[in-house]
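Everything on this sheet refers to the single structure shown next.
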Amino acid sequence: MGLFGNVFGKKGNQDQVAPKVPWIALESLDQLDAIRESSKSRTQLIFKHSTTCGISRMVLNMFTGNYSLGGEVDAYFLDLHAYRAVSNAVESEFKVRHQSPQLLIIKNGEVSFHTSHGAIADIELSALV
C-alpha cells in the first residue's frame, strides 16, 4: 500500500479514504530545483512530515481535512525519515530552519511563508496562495 496509502487510507477490507490533497512525493534533490523554477509561475507547497511523531500525524490529518485548494498549487509531501537528505537540503536551499511538521509556501523562487506544528492548522491557506 505504500506511504500515501498508510497516511490517507486504511488497510484491509475497509473503505479507502481518498486524499483531498493532490500530494506529489518529494523524494529527490533534483525536485528542489524544479520546485524553485515552477514557483515562478505557480505556487508550490511543501509539507514536511515526521512519521514517528504524533503531533505531526495530528497536524497532517487536520491539514488534509481542511484542504480546499484543489489543484491550485503543487503540493509536495516530504517524509522526513525516508528522505533525510532532501529534508536537510530544503532547510539549506530555502533558508528555513528545520521543524516538524512544517509547511513552506514557495513563490518566485523563495519561501513566501512558513510555519510549523499546530500553527499549520490555524492558517488561511487560500490567502497565502
Test log, rule side-chain contact (heavy atoms from CB on, under 4.5 Å), inputs Leu125 and Phe113 = CA-CA 10 Å; Leu125 193 56; Phe113 177 85; over 6 Å; no

Which distance, rounded to the nearest 0.5 Å, do you find between the [atom1] of [X] and the [atom2] of [Y]?
X	Y	atom1	atom2	result
Thr43	Leu45	OG1	CG	9.0 Å
Ser116	Gln99	OG	CD	4.0 Å
Phe77	Glu27	CZ	CD	10.5 Å
Ile46	Ser39	CD1	OG	9.5 Å

Residues His98, Leu80; criterion side-chain contact (heavy atoms from CB on, under 4.5 Å); working and verdict | CA-CA 10 Å; His98 167 75; Leu80 300 173; 3.7 Å; yes

Report the relative orientation of the aromatic rings in Phe63 and Phe47; use parallel for angles under 30°, tilted for 30 to 60°, perpendicular for over 60°.
->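 The rings of Phe63 and Phe47 sit tilted, inter-plane angle from 30° to 60°.
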
Mark yes or no for whether [X], through its side chain, and [Y], through its backbone, hold a donor-acceptor pair below 3.5 Å.
X	Y	answer
His117	Ser100	yes
Thr64	Asn61	no
Glu91	Arg97	no
Ser92	Asn88	no
Ser112	Ile106	no
Lys95	Val90	no

Answer yes if the side chains of Ser50 and His81 hold a donor-acceptor pair under 3.5 Å, and no otherwise.
->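 Per modelled atom types, Ser50 and His81 side chains form a pair under 3.5 Å.
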
Evaluate the side-chain contact (heavy atoms from CB on, under 4.5 Å) criterion for residues Val129 and Leu69: first the C-alpha distance (whole Å), next the side-chain angles of each, then the deciding distance (0.1 Å), finally the verdict.
-> CA-CA 9 Å; Val129 175; Leu69 293 178; 3.5 Å; yes

Just grab all the salt bridge (Lys or Arg N to Asp or Glu O under 4.0 Å) pairs involving residues 39-51, residues at least two apart or on different chains.
->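 Qualifying pairs: Glu37-Lys40, Arg42-Asp74.
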
To check you understand the geometry: which heavy-atom pair defines the closest contact between [X] and [Y], and what is its length?
X	Y	answer
Ile120	Ile123	O-CG1, 3.2 Å
Tyr67	Pro22	CE2-CD, 3.7 Å
Leu29	Val86	CD2-CA, 3.8 Å
Val111	Val96	CG2-CG2, 3.9 Å
Gln44	Ile35	CG-O, 3.4 Å
Ser87	Leu78	CA-CD2, 3.7 Å

Test side-chain contact (heavy atoms from CB on, under 4.5 Å) applied to Ala119 - qualifying residues, sequence neighbours left out =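 Applying side-chain contact (heavy atoms from CB on, under 4.5 Å) to Ala119 gives Thr115.
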
What residues, two or more places apart in sequence or in another chain, satisfy side-chain contact (heavy atoms from CB on, under 4.5 Å) together with Ser68?
->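 Ser68: no side-chain contact (heavy atoms from CB on, under 4.5 Å) contacts found.
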
Please test Leu26 against Leu32 for side-chain contact (heavy atoms from CB on, under 4.5 Å), starting from the C-alpha separation and ending with a verdict.
-> CA-CA 8 Å; Leu26 179 50; Leu32 296 181; 4.2 Å; yes

